[in-house]
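What follows is a single structure, written as structure tokens, with notes after it.
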Amino acid sequence: MSYTGHVDPQGAPVSREAGPLTITKVSVGPMDNNAYFLRDTATRETLLIDAANDADTLLRVLGDAELATIVTTHRHGDHWQALAEVAKETNARLVAHPADAEALPVAATDLVDHGDTVTVGDVPLEVIHLVGHTPGAISLLYREPGGRPHLFTGDSLFPGGPGKTNSPEDFRSLMNHLESRVFGKLPDDTWVYPGHGDDTTLGTERSHLGEWRERGW
């Protein structure tokens, strides 16, 4: 079955091959959080985006691969309920933005900012800082060699708009960053992997930017 980006709440994981990486998506926890495993097929080194919940499920999906890194996209509690347990079981390094790191239940070992690089095996991932949903929200960009870009957005971008913000200033900040750092630099075929729900592409969402601005949330 081809990858569509849909997983059932607390259901079976789905995977796709994307050049040197295998990307696996699974839903965990009562808020249908998406967790993503990125595995370098050459080294079997693996990176987890958001140890959101259900540590047993995450460790089962990981299997015998080496979990070298856990990236937490932002400070909200539904995205790190399993962080301490998975980190203890795997000794993975823990990556977060400094503006959100202090809210996490375990200390980050690696602090990153916009433009930094996180690696999984020999594969680089670009850090994109998107201020608005939280002060330290980050996305990860994987540029598939000879293929499409893959963008893991946490709760900063979903099908249908940006993530929730708590003030007009936060909303403007998030929209400005999405337009300048994401839509302004990446092509329409960029695949978007959000923190909850189904995937989308930038091309699907691009024509709605004006509507989102007008909507104001």
Side-chain angles (χ1 to χ4, degrees), residues 1-18 21-39 46-65 67 69-90 92 94-96 100 103-106 120 125 130 132-134 137-142 148 150-166 174 178 190-202 204-205 208 212 215 217:
M1 183 181 298
S2 63
Y3 179 91
T4 66
H6 175 79
V7 289
D8 292 326
Q10 295 82 50
V14 296
S15 296
R16 76 188 309 178
E17 302 300 323
L21 290 187
T22 298
I23 299 170
T24 299
K25 177 179 182 177
V26 63
S27 167
V28 293
M31 297 183 68
D32 188 21
N33 283 77
N34 295 324
Y36 298 95
F37 289 93
L38 281 57
R39 187 179 69 186
T46 302
L47 176 146
L48 170 60
I49 299 174
D50 286 343
N53 215 312
D54 299 342
D56 289 346
T57 296
L58 295 177
L59 292 169
R60 184 173 65 251
V61 174
L62 174 67
D64 61 358
L67 185 62
T69 307
I70 304 171
V71 177
T72 303
T73 59
H74 63 286
R75 65 171 66 178
H76 289 159
D78 60 310
H79 288 259
W80 50 253
Q81 291 300 306
L83 180 61
E85 185 173 348
V86 175
K88 181 180 179 180
E89 290 294 324
T90 62
L94 308 179
V95 176
D100 277 12
L104 303 183
V106 288
V120 50
L125 310 169
L130 301 171
H133 183 65
T134 66
I138 56 174
S139 296
L140 289 183
L141 174 64
Y142 163 53
R148 70 171 78 222
H150 300 257
L151 183 64
F152 301 84
T153 57
D155 284 1
S156 291
L157 179 62
F158 294 98
K164 179 182 177 181
T165 53
N166 293 316
L174 181 53
L178 285 171
T190 302
W191 196 276
V192 176
Y193 305 80
H196 305 262
D198 290 348
D199 298 356
T200 186
T201 66
L202 290 188
T204 300
E205 308 302 327
H208 301 289
W212 302 346
R215 188 173 68 192
W217 56 268

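The figures that follow rest on heavy atoms only: side chains count, while hydrogens, waters and symmetry mates do not.
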So, [X] side chain and [Y] main chain: donor-acceptor pair closer than 3.5 Å or not?
X    : Y    : answer
N34  : P194 : yes
Y142 : A18  : yes
E205 : G160 : yes
D50  : T73  : yes
D199 : Y193 : no
H79  : A52  : no

- Worked verdict on L157 versus L130 for side chain to side chain contact (heavy atoms under 4.5 Å, CB included): CA-CA 10 Å; L157 179 62; L130 301 171; over 6 Å; no
- Item | For L125, the option from V95, L47, V71, T69 that meets side-chain contact (heavy atoms from CB on, under 4.5 Å) | L47
For the atom pair [atom1] ([X]) and [atom2] ([Y]), what is the distance rounded to the nearest 0.5 Å?
X    : Y    : atom1 : atom2 : result
I49  : F152 : CD1   : CZ    : 4.5 Å
I138 : T153 : CD1   : OG1   : 12.0 Å
N53  : L58  : CG    : CG    : 8.0 Å
D32  : H196 : CG    : NE2   : 8.0 Å
Q10  : N33  : CD    : CG    : 9.0 Å
I70  : L104 : CD1   : CG    : 11.0 Å

What heavy-atom pair brings [X] and [Y] nearest, and what distance separates the two atoms?
X    : Y    : value
T24  : S15  : OG1-OG, 2.6 Å
L178 : S156 : CD1-O, 3.7 Å
D56  : E85  : OD1-OE2, 3.9 Å
T134 : H76  : CG2-NE2, 3.4 Å
R215 : P162 : NH2-CD, 3.9 Å
T4   : W191 : O-CZ2, 3.7 Å

- Task: Go through F158 and T200 one step at a time and tell me if the side chain to side chain contact (heavy atoms under 4.5 Å, CB included) criterion holds.
- Result: CA-CA 7 Å; F158 294 98; T200 186; over 6 Å; no
- Item | Listed once per pair and sorted, the salt bridge (Lys or Arg N to Asp or Glu O under 4.0 Å) pairs that draw on residues 69-79, sequence neighbours left out | R75-D100
- Item | Student check: side-chain heavy atoms of T72 and L94 closer than 4.5 Å | no
- Message: Between L83 and P105, is there a side-chain heavy-atom distance shorter than 4.5 Å?
- Response: yes
- Item | Trace of the side chain to side chain contact (heavy atoms under 4.5 Å, CB included) decision for V7 with V26 | CA-CA 7 Å; V7 289; V26 63; 5.9 Å; no
